[in-house]
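First the structure, in the form of structure tokens, and then the observations on it.
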Amino acid sequence: MTSGSAFELPSDGLQKCIRCGMCLEACPTYALTGLETESPRGRIHLMDALTRQRVAATARVSLHLDRCLGCRACEAVCPSGVPYGELIELARAQLAPPSRLRDVLLRGILARPRVLDALGRVGSLYERTGLRALLHATGAIRALPPALRRLESLYPPLARPRYRPPARPAAPTARVALLLGCVMRVAYGDVHTSAARVLARLGVEVVDVPQQACCGALHAHAGDRAAARGLARRAIAAFDAAGVDAVVVDAAGCGAHMRSYAALLADDPAWAERARSFVAGVRDVTEYLASLDLPATLGRLEARMTYQDACHLAHAQGIRRQPRELLRRIEGLDLVEMPHADMCCGSAGTYNVVQPEYADLLQRAKVDAVLSTGATAVVSANPGCMLQIAAGLRARGADVAVLHVVEVLDRAMRP
Ligand code: SF4
Ligand code: SF4
């Protein structure tokens, strides 16, 4: 927060909290600590006190807000409609200290598809040449600074194939665009390929939108609202120009953020209306697929799998039924529920790097839940969850695959 500037949040949002405490049980950080200051109600109280200037924005106060995962599990169960996700994002935008490193990462890398692609190629070489394996085998990896070492340990799959658009269906029934995003573009291009291939097999044309870039979700979560607004305008302009029936998203965090464009640009007269109509056309890929006129079965795959609800799909977008319904249409697939499938895995954007202690505890609980099912694969719909769960399983030496819903459908529907 810059000195002299007042901390401000929409008071109608804050005042909606009636302190009932119904959100406490849903909150992962409250479940870990049992502390009111690490609960949604406590954080709302803190934000209110900051707004009324009853407490100062000290590092200790900020820490309680920083430890929030932004998972929005509290928002989903709140009977009073507190817009918690919006409040915490606005609070972070004011409390986040200026950081050159953050600017380089968010504005210089993530927001620029060409820079990201170049870095992705370097990363791919790092993996393909065996350098990564060598650094691990010799222990030289321990020479990296802790934050970088932690990022490395998440093992983003840098050598996975890039996105390859499928052939246009002979008689398409709909035209959609697919968000390629930033991290997903370089780390999970083959998941995009699976999404597009499944859509094409069901008669949906996926059109190319070369002007698209990052959706801005990581910028908003890290408190860089100016960059997030710029990226929202760019995305709206790019996808509007494509003239499609829907913008399909296969990363839950991105989809949830794109659905908030109307609120993000509400005070921009040139964009507010465009943002509202854009949001109406955003669909998570599972939501879109489940809305199609589907055949009775979606292929065959003999496997026992369990499904992990990504927070930004289940809590932020209310999508729980559709991914499960799609998986249940696959013949031979035994879908078993894990305990607390919708509890955050500790990924939460950059949370697993900046709050390692809580992230590790949540990761451990999630891996326990997965292993208790005896499944040979855990399925999710968000790249952050996939990375976090895969790292946790790897650390335990567990032989459990981590797949996106569209990858499972793609394999099952393969001719
Ligand atoms: S945020 Fe909602 S659920 Fe939580 S205490 Fe306030 S009103 Fe109750
Ligand atoms: S967003 Fe998640 S971690 Fe943050 S207060 Fe709400 S439930 Fe707790």
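Because the structure is predicted, anything quoted here is derived from the model rather than measured. In listed order, ligands and their atoms are each counted from 1.
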Query raised in the report: Applying a 4.0 Å heavy-atom criterion (strictly less than), which segment of Val77 is in contact with ligand 1: side chain, backbone, both, or neither?
Result: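 For Val77, no heavy atom sits under 4.0 Å from ligand 1.
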Requested in this report: Would you kindly specify which portion of Ser80 sits under 4.0 Å from ligand 1, judged on non-hydrogen atoms: side chain, backbone, both or neither?
Outcome: side chain
Over 12 foreign heavy atoms within 6.0 Å of [atom1], [X]:
X      : atom1 : answer
Glu302 : CD    : yes
Arg142 : CZ    : no
Arg324 : CZ    : yes

Just to confirm my output: which protein heavy-atom neighbour is closest to [atom], and how far is it?
atom                    : answer
atom 4 (Fe) of ligand 2 : Cys68 SG, 2.3 Å
atom 6 (Fe) of ligand 2 : Cys74 SG, 2.4 Å
atom 7 (S) of ligand 1  : Ile18 N, 3.3 Å
atom 8 (Fe) of ligand 1 : Cys20 SG, 2.3 Å
atom 3 (S) of ligand 2  : Leu69 N, 3.4 Å
atom 2 (Fe) of ligand 2 : Cys71 SG, 2.3 Å

Requested in this report: Consider ligand 1: state whether an atom of it lies below 4.0 angstrom from any non-hydrogen atom of Gly21.
Outcome: yes
Query raised in the report: Would Pro79 count as a contact of ligand 1 if the rule is a heavy atom under 4.0 Å away?
Result: yes
Query raised in the report: Do the rings of Tyr163 and His192 sit parallel, tilted or perpendicular, given the 30° and 60° boundaries?
Result: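 Ring orientation, 0 to 90° scale: perpendicular.
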Requested in this report: Please confirm whether His221 and His312 have ring centers closer than 6.0 angstrom.
Outcome: yes
Requested in this report: Could you tell me whether the side chain of Arg225 and the main chain of Leu90 form a donor-acceptor pair under 3.5 Å?
Outcome: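 Flag not set: sc Arg225 to bb Leu90 has no pair under 3.5 Å.
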**Report entry** Arg92 side chain vs Leu65 backbone, donor-acceptor pair below 3.5 Å
**Finding:**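 Judged by distance alone, yes, a pair lies under 3.5 Å.
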Query raised in the report: Closer than 2.8 Å to atom 8 (Fe) of ligand 2, do we get an N, O or S atom from Cys27, backbone or side chain?
Result: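 Looking at Cys27, which is the residue asked about, there is an N, O or S atom under 2.8 Å from atom 8 (Fe) of ligand 2.
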**Report entry** Residue among Gln308, His315, Arg320 satisfying side-chain hydrogen bond (donor to acceptor under 3.5 Å, both in side chains) with Asp342
**Finding:**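 Between Asp342 and the candidates, side-chain hydrogen bond (donor to acceptor under 3.5 Å, both in side chains) is satisfied uniquely by Arg320.
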With atoms numbered from 1 as shown, which atoms in ligand 2 lie under 4.0 angstrom from a non-hydrogen atom of [X]?
X     : answer
Gly70 : 1 (S), 4 (Fe)
Arg72 : 1 (S), 2 (Fe)
Arg43 : 3 (S), 4 (Fe), 5 (S), 8 (Fe)

**Report entry** Residue Arg19 vicinity, atoms of ligand 1 by number, heavy atom under 4.0 Å
**Finding:**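 Atoms satisfying the 4.0 Å criterion: 5 (S), 6 (Fe).
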**Report entry** For Ile44, atoms of ligand 1 separated by under 4.0 Å from a heavy atom
**Finding:** 1 (S)
Report task. Could you tell me whether atom 8 (Fe) of ligand 1 has an N, O or S atom of Cys78 under 2.8 Å away? Result ->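 No.
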Report task. Pick one of side chain, backbone, both or neither for how Tyr84 approaches ligand 2, counting any non-hydrogen atom pair under 4.0 Å. Result -> side chain
Under 4.0 Å between a side-chain nitrogen and a carboxylate oxygen: does that hold for [X] and [Y]?
X      : Y      : value
Arg54  : Asp48  : no
Arg396 : Asp368 : yes
Asp190 : Arg197 : no

**Report entry** Spacing of Phe278 atom CZ and Arg259 atom CZ [to the nearest 0.5 Å]
**Finding:** 10.5 Å
Query raised in the report: Is any N, O or S atom of Cys23 under 2.8 Å away from atom 6 (Fe) of ligand 2?
Result: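 For Cys23, the answer is no, given that no N, O or S atom comes within less than 2.8 Å of atom 6 (Fe) of ligand 2.
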